[in-house]
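Remember, predicted model here, so these are calculated numbers, not experimental data.
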2 protein chains.
Amino acid sequence: MKKPADLDAIFAALADPTRRQILMMLLEDDMAVTDVAAPFEMSLAAISKHLAVLAEAGLISQERRGRVKWCKLEPDAMRAASVWIQGFGLFDPLDLDAFELFLRSELPETLPESD
Amino acid sequence: MKKPADLDAIFAALADPTRRQILMMLLEDDMAVTDVAAPFEMSLAAISKHLAVLAEAGLISQERRGRVKWCKLEPDAMRAASVWIQGFGLFDPLDLDAFELFLRSELPETLPESD
DNA sequence: TCGATATTCAACCGCATGGTTGAACATGCA
DNA sequence: TGCATGTTCAACCATGCGGTTGAATATCGA
């Protein structure tokens, strides 16, 4: 059950550069804890704690298979943060245009023709 | 010059519910420090510190006019965070629909009729 | 069973954070 | 000038965070 935590935990988790980098690594593929830790110059235990923070925030899930604990990106929690920010409606026309283009190119069939 | 700070500071600033509430208040209008503090059950000094954190992150700017220090929302920093999150490209069709509706209702004149 | 591998636990450290209080500093007004 | 208003400063406190190290736990493979 990967319920997204509250915004406090999500934003706090995103506030650390190591954790953001971990999330980007997980964007490519699921990873074991040891492999996540490999590129960093800190102890495995430290990375393990970072992963716990990310899991607590709902940003990743962890599934143990044998000795290995696999870490998987969970987009829902991040979406909650994104939605909060977008609630500010602070896009200006330029950005809106770009985003509109992104939307159309990405998922054209979900956009209504016009009103 | 209100340069947006790095993501560390921005996300950390957003991780506190008091600060998020302040940002939402500033969405409606610029406010003086005392008026920002009014709805909260904590000391003025505490709010002043929160505002300093928000300003340090570039999320607001503060301009002193006379005795009064006016606080103003600065969307650029928040956009930086939004862009980082959106870099994950994790929108699914359902949410996209909702977001499209939000866009159309919020800023109808900036959306092209259709291609 | 034994050793190697994968991960966490527990205790500790230094430092930042979020809050308090009371005093200090500026500015506006009579 | 003198007082009230608006805001911050400084010191302090409790708590949490990011990191370390060394030991503990669990699983795999020979």
Side-chain angles (χ1 to χ4, degrees), chain A residues 5-26 29-74 77 81, chain B residues 5-26 29-74 77 81:
Chain A
D6 48 50
L7 288 174
D8 287 28
I10 295 170
F11 281 128
L14 294 179
D16 185 280
T18 301
R19 287 194 291 261
R20 287 200 306 276
Q21 197 172 333
I22 290 174
L23 289 175
M24 289 193 286
M25 290 164 60
L26 292 177
D29 214 343
D30 298 359
M31 295 179 78
V33 174
T34 305
D35 295 328
V36 169
F40 296 97
E41 288 190 340
M42 72 180 70
S43 71
L44 192 53
I47 296 294
S48 180
K49 280 190 191 177
H50 280 305
L51 289 169
V53 171
L54 289 171
E56 194 66 26
L59 288 162
I60 68 168
S61 61
Q62 296 182 286
E63 183 198 359
R64 179 147 229 147
R65 274 204 298 274
R67 285 185 289 195
V68 176
K69 200 169 193 175
W70 293 93
C71 305
K72 182 177 179 301
L73 195 62
E74 291 292 343
Chain B
D6 48 62
L7 288 174
D8 287 28
I10 295 171
F11 281 127
L14 293 178
D16 185 279
T18 301
R19 288 194 290 261
R20 287 200 305 276
Q21 198 172 331
I22 290 174
L23 290 175
M24 288 192 286
M25 290 164 59
L26 292 177
D29 213 343
D30 299 359
M31 295 180 78
V33 173
T34 305
D35 296 328
V36 169
F40 296 97
E41 289 190 341
M42 72 180 67
S43 71
L44 191 53
I47 296 295
S48 180
K49 280 190 191 177
H50 279 305
L51 290 169
V53 171
L54 289 171
E56 195 65 26
L59 287 162
I60 67 168
S61 60
Q62 296 183 287
E63 181 198 0
R64 182 149 226 149
R65 274 204 297 274
R67 284 187 290 197
V68 176
K69 199 168 193 175
W70 293 92
C71 304
K72 182 176 180 304
L73 195 63
E74 291 292 342

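To the nearest angstrom, C1' of dT17(C) lies 9 Å from CG of Asp16(B). Atom CG of Asp35(A) is separated from atom C1' of dT7(C) by 13 Å (rounded to the nearest Å). Residue Phe11(B) contributes atom CZ, which lies 15 Å from atom P of dG18(D) at whole-angstrom precision. Residue Lys49(B) contributes atom NZ, which lies 9 Å from atom P of dG19(C) at whole-angstrom precision.
For Arg65(A), the side chain to side chain donor-acceptor pair (under 3.5 Å) partners are Glu63(A), not counting sequence neighbours. The side chain to side chain contact (heavy atoms under 4.5 Å, CB included) test applied to Asp35(B) returns Met31(B), Ala32(B), not counting sequence neighbours. Legend: residues meeting side chain to side chain donor-acceptor pair (under 3.5 Å) with Asp8(B), ordered by chain and number and at least two apart, are Arg20(A). The side chain to side chain contact (heavy atoms under 4.5 Å, CB included) test applied to Ala55(A) returns Ile60(A), Gln62(A), not counting sequence neighbours.
When the nucleotides dT20(C), dT20(D), dA6(C) are ranked by their closest atom to the side chain of Val68(A), dA6(C) comes out on top. Side chain of Gln62(A), nearest nucleotide from dT8(D), dG19(D), dT8(C): dT8(C). Proximity note for His50(B) (side chain, C-beta onward) versus dG18(C), dT7(C), dT8(D): the nearest is dG18(C).
Dashed line: the shortest gap from a side-chain N or O of Ser43(A) to OP1 or OP2 of dT20(D) is under 4.0 Å. For the OP1/OP2 pair of dT8(D) and a distance below 4.0 Å, the side-chain nitrogens and oxygens of Ser48(B) include at least one atom meeting the criterion.
Each of Met42(A) and Leu44(B) has a nearest nucleotide on DNA chain D; the 5'-most of these lies closest to Leu44(B).
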For every nucleotide of nucleotides 22-30 of chain D, 5' to 3': is a protein heavy atom under 4.0 Å from its base (B), only from its sugar-phosphate (S), or from neither (-)? -----BB--

Under 3.5 Å, which donor-acceptor pairs do the side chains of residues 36-50 of chain B form with other protein atoms, sequence neighbours left out?
from, atom 1, to, atom 2, distance (Å)
Ser43(B), OG, Ala46(B), N, 3.1
His50(B), ND1, Arg19(B), NH1, 3.2

